[in-house]
Amino acid sequence: MDLRNIIRNVPDFPVKGIQFKDITTLLRDKDAYRYAIDRITRHCENLNIDFIAGIEARGFIIGAPVAYNLKVGFVPIRKEGRLPYQVEKISYQLEYGESILEIHSDAFPKGSRIMVIDDLLATGGTTLAVFKLIEKLEGIVVGADFIIELEMLKGREKLKGYEIFSLIKYNI
Ligand code: AMP
């Protein structure tokens with residue numbers, strides 16, 4: 001299935017110059033959504049994953065059904081102030097300014113093997129911050145899975161040494 005035709009490109013959102021990849025057109029298509037979830041599930045099989053960690057918010061929509069398919073637990077990585085219990089946090093640079101992500105301190109047992117899931121890999125800054133957060137809690141990061149990879153931003157280079165997988169690559 002060619003998901004490229006199903007993902008909507010929105011120029012100049014949220015700011016001028018950004019080509020926003022809108023996955024809502026994929027999510028509303030029952031066959032495309034199922035296909036994307038099943039492909040990512042298949043990539044995770046045989047990697048001995050104990051938990052899927054999804055990055056708020058689109059990483060939840062992709063990550064939770066993959067965790068369900070794999071019969072493993074789901075760990076939410078959330079924006080600052082949303083998780084109710086004790087948290088570990090990390091701040092990281094965005095294109096403009098910085099952002100903070102949090103995980104519950106008891107999200108998984110030490111030594112758990114974790115796959116991170118988000119909708120899109122751009123510069124890799126967000127994913128690398130999540131890897132550091134998981135490693136702070138002594139989890140083993142297996143890698144990260146995405147629907148979309150913006151190859152020209154070279155996020156993959158920032159994530160060397162990990163298992164990185166994406167369904168569709170864009171070069172513009
Ligand atoms: P990065 O940290 O640069 O890899 O950015 C990844 C995060 O920003 C992901 O959570 C994406 O959902 C979001 N993102 C970055 N660029 C885009 C884009 N062109 N279209 C849609 N989402 C994007």
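Whatever order the structure lists them in is the order used to number ligands and atoms, beginning at 1.
Under the 30°/60° scheme for interplanar angles, the aromatic rings of Tyr162 and Phe131 are found to be tilted. Taking the six-membered ring where tryptophan is involved, the planes of Phe108 and Phe51 are tilted, since the angle between them lies from 30° to 60°.
For Glu102 and Arg78, the salt-bridge test fails: no basic side-chain N is under 4.0 Å from an acidic carboxylate O.
Grouping the Ile, Leu, Val, Met, Phe, Trp and Tyr side chains by contacts below 4.5 angstrom, directly or via other members, places Ile61 with Leu3.
Using a 4.5 Å heavy-atom cutoff, the side chains of Pro14 and Phe20 are in contact.
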Counting only pairs under 3.5 Å, give me each side-chain donor-acceptor contact of residues 115-125, with atom names and distances, residues two or more places apart or in other chains.
{"unit_1": "Asp119", "atom_1": "OD2", "unit_2": "Arg58", "atom_2": "NH1", "d": "2.8"}
{"unit_1": "Thr123", "atom_1": "OG1", "unit_2": "Gly125", "atom_2": "N", "d": "3.2"}

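Contact residues of ligand 1 (protein heavy atom closer than 4.0 angstrom to a ligand atom; sorted by chain and number): Gln19, Phe20, Lys21, Arg58, Asp118, Asp119, Leu120, Ala122, Thr123, Gly124, Gly125, Thr126, Leu150.
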